[in-house]
Amino acid sequence: MPELPEVEVTRRLIAPHLLGRTVLRVHTSIPSYVFLTPPRALCQRLQGRRFDELTRRGKYLLATLDDASRLMIHLGMTGQLFVAGASSLRLLSSTRRSSLTPEEQPAFSPDKHTHLRLELEDTGPDLLFRDVRKFGKLLWLAPGSSDPRLDKLGTDVLEARPAQLFEASRGRRLAVKNLLLNQSVLAGVGNIYADEALFAARIHPCRPAGKLSRRACQRLVCALQRVMLRSIETGGSSISDYIAPDGSDGGYQDERTVYARSGEPCPRCARPITRIVLGARGTHFCAKCQR
DNA sequence: ATCTGTCCCTGGACGC
DNA sequence: TGCGTCCAGGGACAGA
């Protein structure tokens with residue numbers, strides 16, 4: 001699932017295809033959950049506009065257009081933003097997947113899960129937004145306007161200071177894992193990297209947030225940043241449906257220590273990794289190393 | 001104010 | 001083989 005590293009990798013790889021280019025035509029699927037701005041309006045707003053800037057805040061991408069309006073994109077659980085011509089087994093159903101060798105993969109052609117296709121000038125490839133589970137979001141923002149979803153975001157994890165986590169956690173009784181998933185505290189943390197960072201910092205996911213010491217907050221914020229920067233470096237992780245904009249898989253899933261490894265030996269002490277449910281999310285940790 | 005549970009959605013895994 | 005059931009989860013929201 002796309003979290004901060006996957007969104008950042010997407011931003012870096014999409015930007016060269018997008019910036020300075022003008023939208024010739026916009027193609028949308030039927031209205032659905034992903035369109036916070038209805039498809040028709042979105043087409044009108046984007047057509048003829050040039051992309052000037054592509055930034056990221058937490059898990060949100062913000063594309064600034066030449067009229068100072070912005071397109072807000074969230075990939076949700078299964079959102080994929082990639083260029084036409086990308087070829088990936090993750091764009092195929094499992095039945096199709098198993099019948100093809102990687103060399104035989106056909107180039108992707110828009111399907112029923114492809115909600116947005118931007119035709120760009122200068123013979124650049126089309127930009128596609130695909131989202132099977134429709135938890136992603138597309139929203140057009142008028143010049144100077146914002147959205148509550150953005151306004152309430154906390155500091156981007158990569159820019160956060162440990163003291164911010166320490167202060168935000170005072171008096172809170174909820175589990176530290178649940179605090180990490182709250183985007184208004186630190187923006188960008190999702191289920192995978194929360195588990196990975198808690199393991200790296202040797203903190204039990206159920207520990208009440210308010211009980212964290214300054215030192216523990218220091219370890220945790222450093223671990224979050226280290227784990228995420230490393231993931232960006234290796235191209236993100238491709239658990240679930242994430243693909244890079246060129247169709248390639250991320251490399252980070254091979255470096256996961258605990259996430260989706262329940263029952264496997266802890267890399268530190270070899271005790272089996274435990275899985276519990278916390279805040280309706282699967283949570284993976286080592287009961288011996290994380291107290 | 002803070003916290004928990006439910007819901008949205010779909011494909012894949014699993015059991016019979 | 002095929003059907004039904006359950007599960008995954010980001011974030012909005014309702015209710016405690």
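Naming: A, B, ... by sequence-line order, numbering from 1 per chain. Keep in mind that this is a model prediction, so the values were computed, not measured.
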Close N or O pairs between protein and nucleotides 12-16 of chain C (under 3.5 Å):
| from | atom 1 | to | atom 2 | distance (Å) |
| --- | --- | --- | --- | --- |
| C:dA12 | OP2 | A:Lys152 | NZ | 2.6 |

Kindly point out which of C:dG10, B:dG11, B:dT4 is positioned nearest to the side chain of A:Leu174?
B:dT4
Rounded to the nearest Å, what distance is computed from the CG atom of residue A:Asn178 to the P atom of nucleotide C:dG9?
13 Å
Toward the 5' end of DNA chain B, which comes first, A:His113 or A:Tyr33, by nearest nucleotide?
A:Tyr33
Stacking check A:Phe135 vs C:dG11 (5.5 Å / 30 deg):
no
Describe the nucleic acid contact of A:Gly282 in one word from base, sugar-phosphate, nothing, applying a heavy-atom distance below 4.0 Å.
sugar-phosphate
Please indicate whether A:Arg215 has more than 12 foreign heavy atoms, meaning atoms of other residues, nucleotides or ligands, lying under 6.0 Å from its CZ.
no
Among A:Lys59, A:Arg56, A:Arg57, the one residue meeting salt bridge (charged side-chain N to carboxylate O under 4.0 Å, His left out) with A:Glu8:
A:Arg56
Nearest whole Å is fine: how far is C:dG9 C1' from A:Ile276 CD1?
16 Å
With a sphere of 6.0 Å drawn around CZ of A:Arg45, does it hold more than 12 non-hydrogen atoms of other residues, nucleotides or ligands?
no
Got a sec: does the CZ of A:Arg173 have more than 12 other heavy atoms crowding it under 6.0 Å?
no
Closer to the 5' end of DNA chain B via nearest nucleotide, is it A:Ala280 or A:Leu179?
A:Leu179
Among the nucleotides B:dT2, B:dG11, C:dG10, which one has an atom lying closest to any side-chain atom of A:Val132?
B:dG11
Aromatic ring pairing A:Phe135/A:Tyr33, orientation class (parallel under 30°, perpendicular over 60°, tilted between):
tilted
When rounded to whole Å, the CG to C1' distance for the pair A:Asp131 and B:dT10 reads 10 Å
Among B:dC3, C:dG10, C:dG9, find the nucleotide with the atom closest to the side chain of A:Tyr259.
C:dG9
Relative to the ring of A:Phe35, is the ring of A:His115 parallel (under 30°), tilted (30 to 60°) or perpendicular (over 60°)?
perpendicular
At under 4.0 Å between heavy atoms, what does A:Arg275 touch on the DNA or RNA strands: base, sugar-phosphate, or nothing?
sugar-phosphate
Please test A:Arg130 against A:Gln80 for side-chain hydrogen bond (donor to acceptor under 3.5 Å, both in side chains), starting from the C-alpha separation and ending with a verdict.
CA-CA 5 Å; A:Arg130 183 174 183 263; A:Gln80 301 167 323; 2.9 Å; yes
